[in-house]
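A short worksheet on the structure shown next.
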Amino acid sequence: MIPEPKEFRLTGGKMAQNAVMEEQECSGIGREEYRISITPEKIRLEGGRGTGLVYARTTLEQLRLIYGEELPCMEIRDWPAHSYRSFHIDCSRHYFTVDELKKMIRMSAWFKQNYFHWHISDDQGWRIECRRYPLLHKISAVRPGDHFGNYDSDEGEDRYYSRDEVREIVEYCGRFGIEVVPEIDMPGHVTAILAAYPELSCTGELVEVGMKAGIFKELFCAGREETFTFIRNLLDDMMELFPGRYFHIGGDEAPKERWKACPLCQKRMEEEGLGNAQELQGYMCNRIASYLQSKGKIPIVWNEAVYGGNIDKDVVVQLWTEDKDHQIRAHLDKGGKAILSMVEHCYCDYPYGMHSLKDMYELNMNPAELGARGGDSVLGAECLVWTEFIRSDARLEKLCWPRFAATAEAGWCGVRRPEYEDFRRRLTALFPIFEKYKIQAAGMEEWDPDEETAAKQTAGFQMNFSSEERDEVRKAQEDI
Ligand SMILES: [Zn+2]
């Protein structure tokens, strides 16, 4: 089974053909905990008052896939090590249909993931019908071409999810105990929004929806009050659609060139006694976070947002890069919480030759660099897929599956995980599931490529980027 249950014991004999099925929700156990008891006469499922029964049924489905209808008698007791077990899909760079997202959600549910981090806004597109600011879906959702690295096409993207479609996704996730966590990335990665509302930037100049990959220099202006009004209204509009507890407000890859040259941003820094542009980002993030908190939400940010050292400790930080100057650790030392999603262990947009299934599985759930509180501050793990170079459902599925399952087990089992070979063996037994749900997963021979294949795949992936783009990214990174 995946994830591997905490306690599993075969008790001898087999279930009879006419065995009865019993289900019960229990109050005395954890909300995600479940128990399964199979005797010759009966299958009994017990689950905590959250999603326990959902997980009991999922495990039973896995057992049936492995053993067929003649299940051996057994006892299972199981609960997750971490409460936040997430998968991420970038729908800004490329749009995926509601049906395709449902397939990805269904499959993730099958491995007991419980959060869907939905990346709906970036430089290259805004993807949700917005009542308060309709230019977002009329202008920010449209780009006339794709010029990502060495890929050149006039096809572009012009689709967005209607409000009904968003509700459909939220409802579908809810069936499996999955909460949708929308992400509106800010103050960087907002070029698409600024294409519709240029008055929110430092220069006020008209920009186009991004058609290239990379790090863009346009940011929301942190000096203008109108920016904060816009963000609050936008969040209100989105909170109508997303009833969950968490809300992601980005904060990654925001080079400070614009802010350093903007009189309004400089004035804001002076008035608020902020020593540098990173602190200005912290200030902006705190204002937006506290608005979300006033609505009962828990804000999440990417790790760059803590670089100013002034972020509210109740803002959850999502780790994807290394902790260069121990700022992430400092945030956690104050009592902050973290979601782990380090690039080399969690990013599925890279070929298997760069991030093998084994690399994914061996995500360290208690990294020493996080400091003394270590594992206590870890809420869970997330696998991600960024889609600049993913233009088809088939490619999306192949890159994500089965790698998403590896992260799912890391989140559920935590530090006490079986060896990778054990995971591989169980995965092989469960592999028919991908066929059942029509997921075009990568075949076993592709999971852990040998050195030569890995080198070829790495070179192929690097070809996606032009050398200018690589230089620009390097330059921008120095200013984050
Ligand atoms: Zn400004």
Side-chain angles (χ1 to χ4, degrees), residues 84-94 96 104 107-108 111 113 115-120 122-124 148-149 181 183 185 188-189 213-215 248 250-253 300-304 317-324 328 338-365 367 369 378 380-392 395-411 420 441-442 446-449 454 457-465 469-470 473-474 476-477 480:
Y84 199 96
R85 306 178 305 278
S86 176
F87 61 103
H88 158 286
I89 303 174
D90 166 16
C91 291
S92 166
R93 274 56 175 267
H94 283 100
F96 295 90
M104 296 292 287
M107 209 62 260
S108 298
F111 294 101
Q113 295 282 65
Y115 289 94
F116 167 32
H117 176 178
W118 196 6
H119 194 76
I120 54 171
D122 213 300
D123 296 304
Q124 297 86 351
F148 295 136
V181 181
E183 179 187 353
D185 203 344
H189 287 291
I215 301 176
H248 205 305
D252 61 319
E253 297 183 326
I300 305 175
V301 294
W302 297 105
N303 57 220
E304 293 98 313
V317 56
Q318 179 165 3
L319 272 61
W320 72 286
T321 64
E322 59 175 339
D323 192 9
K324 280 192 297 210
I328 302 168
I339 297 161
L340 304 182
S341 60
M342 283 69 166
V343 175
E344 60 278 16
H345 294 289
C346 300
Y347 279 40
C348 292
D349 28 314
Y350 296 84
Y352 284 77
M354 292 174 80
H355 301 171
S356 68
L357 184 63
K358 186 167 191 279
D359 293 335
M360 294 285 293
Y361 188 71
E362 291 179 347
L363 169 69
N364 182 356
M365 293 302 292
E369 62 171 11
V378 173
E382 178 174 295
C383 44
L384 303 92
V385 64
W386 300 99
T387 61
E388 286 94 334
F389 305 106
I390 303 174
R391 285 172 286 273
S392 71
R395 181 96 190 121
L396 180 76
E397 293 172 11
K398 188 171 180 153
L399 286 171
C400 294
W401 299 107
R403 286 191 287 196
F404 272 22
T407 312
E409 177 147 306
Y420 172 65
E446 299 173 82
W447 298 349
D448 300 292
Q457 288 184 2
T458 305
F461 185 78
Q462 300 296 358
M463 290 285 289
N464 281 323
F465 301 94
E469 262 177 9
R470 269 201 292 263
V473 166
R474 221 169 291 140
Q477 274 168 341
I480 291 165

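Just so you know, these numbers use all the heavy atoms, side chains as well, and skip hydrogens, waters and symmetry mates. Treat the numbers as computed from the prediction; the structure is a model and nothing was measured.
Side chains of Asp359 and Glu344 form no contact here, defined as non-hydrogen atoms less than 4.5 Å apart. Side-chain contact between Tyr420 and Leu357 is present, with at least one heavy-atom pair separated by less than 4.5 Å. For the pair Gln457 and Glu446, the minimum side-chain heavy-atom distance is 4.5 Å or more. In this structure, Phe148 and His94 have side chains that are in contact, with non-hydrogen atoms separated by less than 4.5 Å. Using a 4.5 Å heavy-atom cutoff, the side chains of Phe461 and Asn464 are in contact. Taking the side chain as every heavy atom from C-beta outward, Trp401 and Ser108 approach each other to under 4.5 Å. The side-chain heavy atoms of Ile339 and Ser86, taken from C-beta on, include no pair separated by under 4.5 Å. Met360 places none of its side-chain heavy atoms less than 4.5 Å from the side chain of Pro402.
The line from CD of Glu409 to OG1 of Thr407 is 10.5 Å long, rounded to the nearest 0.5 Å. For the atom pair CE of Met342 and OH of Tyr347, the computed distance is 10.5 Å after rounding to the nearest 0.5 Å. Taking CG from Asp185 and CG from Asp252, the interatomic distance works out to 4.5 Å, rounded to the nearest 0.5 Å. Between atom CG of residue Asp123 and atom OG of residue Ser92 there is a gap of 7.5 Å, rounded to the nearest 0.5 Å. Here the SG-CD1 distance, from Cys383 to Ile89, works out to 9.0 Å after rounding to the nearest 0.5 Å. Taken from CG in Asp448 to OG in Ser356, the straight-line distance is 4.5 Å, to the nearest 0.5 Å.
The backbone N or O of Ile328 sits less than 3.5 Å from a side-chain atom of Asp323, completing a donor-acceptor pair. Side chain of Glu304 to main chain of Glu253: a donor-acceptor pair is present (N/O by atom type, distance under 3.5 Å, no hydrogens or angles). Proximity of a side-chain donor or acceptor of Asn303 to a complementary backbone N or O of Trp320 within less than 3.5 Å is detected. At least one donor-acceptor pair under 3.5 Å links the side chain of Ser341 to the backbone N or O of Leu319. Between the side chain of Asp90 and the backbone N or O of Thr387 there is at least one donor-acceptor pair closer than 3.5 Å. Judged by distance alone, with hydrogens and angles left aside, the side-chain atoms of Arg403 form a donor-acceptor pair with the main-chain N or O of His355 at under 3.5 Å.
Checked against His88 for a ring-ring contact (aromatic ring centres under 6.0 Å, His included), the options Tyr115, Phe404, Trp386 give a single hit: Trp386. A side-chain contact (heavy atoms from CB on, under 4.5 Å) with Val181 is found for one member of Trp118, Phe116, Tyr84 and no other, namely Tyr84. Considering Gln318, Gln113, Arg85 in turn, Gln318 is the only one that fulfils the side chain to side chain donor-acceptor pair (under 3.5 Å) rule with Glu382.
Taking all atoms of both residues into account, the shortest heavy-atom contact from Gly411 to Met365 is CA-CE, 4.4 Å. Closest approach of Asp349 to Leu399, counting heavy atoms only: O-CD1, 4.2 Å. Pairing each heavy atom of Tyr352 with each of Pro449, the nearest pair is O-CD, 3.7 Å. Nearest heavy atom pair, residue Ala454 against residue Gly353, reads CB-O, 3.3 Å.
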Between Leu363 and Cys346, does a side-chain contact (heavy atoms from CB on, under 4.5 Å) hold up when you go through it step by step? CA-CA 8 Å; Leu363 169 69; Cys346 300; 3.9 Å; yes
Evaluate the side-chain contact (heavy atoms from CB on, under 4.5 Å) criterion for residues Met104 and Glu397: first the C-alpha distance (whole Å), next the side-chain angles of each, then the deciding distance (0.1 Å), finally the verdict. CA-CA 8 Å; Met104 296 292 287; Glu397 293 172 11; 4.3 Å; yes
I'd like to know whether Trp302 forms a ring-ring contact (aromatic ring centres under 6.0 Å, His included) with His117, so could you lay out the CA-CA distance, the side-chain angles of the two residues, the decisive distance to 0.1 Å, and finally the verdict. CA-CA 12 Å; Trp302 297 105; His117 176 178; 5.7 Å; yes
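With sequence neighbours excluded, no residue forms a salt bridge (Lys or Arg N to Asp or Glu O under 4.0 Å) with Glu469.
Other residues, nucleotides and ligands contribute at most 12 non-hydrogen atoms within 6.0 Å of the CZ atom of Arg395.
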